[in-house]
Amino acid sequence: MGRTMDEQNSPVRVRFAPSPTGHFHIGGARTALFNWLYARHCAGTFILRIEDTDRSRSSDEFLHALLDGLRWLGLDWDEGPDVGGPCGPYRQSERGAIYDGYRHRLLDAGHAYERDGAVWFRVSSEPVRILDAVHGPVLRREEKDFVIVRSDGSPSFHFANVVDDLSMGISHVIRGEDHLSNSSKHVELYRALGAEPPRFAHIPLILKTSGPGKMSKRETGSLVDEYRARHFLSGALRNYLCLLGWSPKDDREILPLADIIQCFDLAGINRSNARFDEKKLAHVNREYLRRLPREEFLAHALPVLREGMGPERIGDGAYAASVLAICQEKVRGLEELPDFCGHFFLAVPCWEEGLRAKVLEESALRLEEFLAAVEGDCPFTPAGLESLVVELARAGGHGTGDYVHPLRFACSGQSVGPGLYALLATLGRERVLLRLRRFLGREIQDLDP
RNA sequence: GUCCCGUUCGUCUAGUCCGGUCCAGGACACCGGAUUUUCAUUCCGGCAACAGGGGUUCGAAUCCCCUACGGGACGCCA
């Protein structure tokens, strides 16, 4: 794929540099993803650096959640706080000596001065040129000096960020567009340190689904963990996130990670902000679910069902496996599984009384017919049940739908679900007999559902 | 307020760099129809966009300018 000279000549080193001051959110995940994709595309290095200079707001709990979220999304890092690497330490809170050194360099060279106990950087007031792979060259003039070391001795974001990028040999800074305006500060810092700034790539922001502004960390739907808790497939979320601000430029949307890595590049990133659309995410997730090999689907679905219904109801899994098998192509998401097929695991479904009365009034005779046939020696297979229904309908001068709908409701308590014949066959003759009899008021029982 | 970035269907986008093949393509959502075997499946169809105005040109979604709107940055937060 079209690599630039730049990419061929110098090793690509990119980093994701989050602050562990809150939960891992979608915007951060997308930034991490784009960095990771670019590193993998170029066979470069993906570095994880923790920007925890604000000790009071940073916490280990957030840090672990962050690492966990990255792993869940399949974004592995080559250098970082836990795995180490040649440019460590990878937590800013442990890099104090490095910042001290750079601070002295700036002070000695007259690029910085002390005031009110803090160290300030002297800006040049000349417009600086920011080389951005997404936006092209951007000219911006920095007007005010800014703090690089606070009066308590800790480095400011701009300073620590630049020092680290420089000392870690970062070749490309891929980050949210909210940093574009900051980049002039960073370029000036690089120059004052006698270094060439890296290539920048400011990626568009993710806006809220509706209303003004970017997606904030606090609103619902903005945290990676929410989707994880709702049993979205991580591959689906990752794929969807790729589509926010980037596309493969053909009409593909659902595509294997390997293909995305192959065609991902910075020049293909969009310039305008994108709104997060949970409906589209749900669609991508469903496509992933449908394409899962049966065994993998079961591995994901069974725990969700157990969690929703209680493990004791689900049993050893053989019956559950047969139930889930007929749900895979129809269920919209794993989180809906308990509602979608939970009734399979109850003695009898819960019938909504109003609907039950209506169905009884309209279709009791046909249900009785069907029940009588099943009490006979009807073969209890999808095909056998289907021909039974078709025959009954033809004999009675009805449409098959006149049997299908009441049967579905009587046997499942729902008006939607897997195909009726597969549903009946999976329930099995005994359960179907019991459900039909109970529905028709034939047996008064005190079954414990 | 100052500066920076952006603007194609409701949403995500293709097309823009190298103007004609675009009365603008795909997807989600929505609406409708079909499968005379059924729903939240499948298939088919429909709705719907180049922000506005100038310019350059034989020709502009594509190039230039202005306006409007949206977003972001202006912290001893990151």
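Chain letters run A, B, ... following the sequence lines, proteins first and then strands; every chain starts at 1.
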Item checked: Options B:A40, B:G25, B:A14, nucleotide nearest the side-chain atoms of A:Phe340 -> B:A40
Notebook entry, point to check: Would one find more than 12 heavy atoms of other residues, nucleotides or ligands at under 6.0 Å from atom CZ of A:Arg129?
Noted result: no
Next item on the list: Determine, step by step, whether A:Glu278 and A:Arg230 satisfy the salt bridge (charged side-chain N to carboxylate O under 4.0 Å, His left out) criterion, reporting the C-alpha distance in whole Å, the side-chain angles of both residues, the deciding distance to 0.1 Å, and the verdict.
Entry: CA-CA 12 Å; A:Glu278 194 181 311; A:Arg230 289 173 57 192; 3.0 Å; yes
Note to self: Any non-hydrogen side-chain atom of A:Ile203 less than 4.5 Å from a side-chain atom of A:Glu177?
What the structure shows: no
According to a strict under-4.0 Å criterion, is [X] in side-chain N/O contact with OP1 or OP2 of [N]?
X	N	result
A:Ser181	B:G72	no
A:Lys249	B:A14	yes
A:Ser272	B:G70	no
A:Lys144	B:U2	no
A:His135	B:G6	yes
A:Arg394	B:U36	no
A:Asn273	B:C5	no
A:Arg290	B:U42	yes

Check: Any salt bridge between A:Arg91 and A:Glu51, counting N to O under 4.0 Å?
Finding: no
Next item on the list: Answer yes or no: is there an ion pair linking A:Arg191 with A:Glu196, defined by an N-O contact shorter than 4.0 Å?
Entry: yes
Under 4.0 Å, heavy atoms only, any strand: does [X] hit a base, just the sugar-phosphate, or nothing?
X	value
A:His158	base
A:Leu420	base
A:Gly245	sugar-phosphate
A:Glu336	base

Notebook entry, point to check: At their closest point, which heavy atom of A:Arg30 faces which heavy atom of A:Leu241, and how far apart are they?
Noted result: CG-O, 3.6 Å
Notebook entry, point to check: Minimum heavy-atom separation for A:His158 to A:His186, with atom names?
Noted result: ND1-NE2, 2.9 Å
Taking donor-acceptor contacts at under 3.5 Å, does the side chain of [X] reach the base of [N]?
X	N	value
A:Glu253	B:G26	yes
A:Ser151	B:C76	yes
A:Arg275	B:U11	no

Notebook entry, point to check: Under a 3.5 Å cut-off for both distances, is B:U2 Watson-Crick or wobble paired, and to whom?
Noted result: B:A73
Checklist line | Paired nucleotide for B:U56 [Watson-Crick or G-U wobble; both distances under 3.5 Å] | finding: none
Notebook entry, point to check: Near RNA chain B, under 4.0 Å by heavy atom, which residues of residues 116-128 of chain A?
Noted result: A:Asp116, A:Ala118, A:Trp120
Margin query: Just to be sure I understand the geometry, which residues of residues 276-286 of chain A put a non-hydrogen atom under 4.0 Å away from RNA chain B?
Written below: A:Asp277, A:Lys279, A:Lys280, A:His283, A:Arg286
Whole-Å distance between [N] [atom2] and [X] [atom1]?
X	N	atom1	atom2	value
A:Arg141	B:C5	CZ	P	14 Å
A:Trp246	B:G26	CH2	P	20 Å
A:Ile206	B:G72	CD1	P	13 Å

Next item on the list: Tell me whether the guanidinium CZ or amine NZ of A:Lys185 lies under 6.0 angstrom from the six-membered ring centre of A:Phe121 and within 45° of its axis.
Entry: no
Distance-only check: which donor-acceptor pairs under 3.5 Å involve side-chain atoms of residues 103-114 of chain A, not counting sequence neighbours?
from: A:His104; atom 1: ND1; to: A:Asp100; atom 2: O; distance (Å): 3.1
from: A:Arg105; atom 1: NH2; to: A:Leu193; atom 2: O; distance (Å): 3.0
from: A:Tyr113; atom 1: OH; to: A:Asp145; atom 2: OD2; distance (Å): 2.6

Margin query: How long is the straight-line distance from CD of A:Glu329 back to CZ of A:Arg290, given to the nearest 0.5 Å?
Written below: 6.0 Å
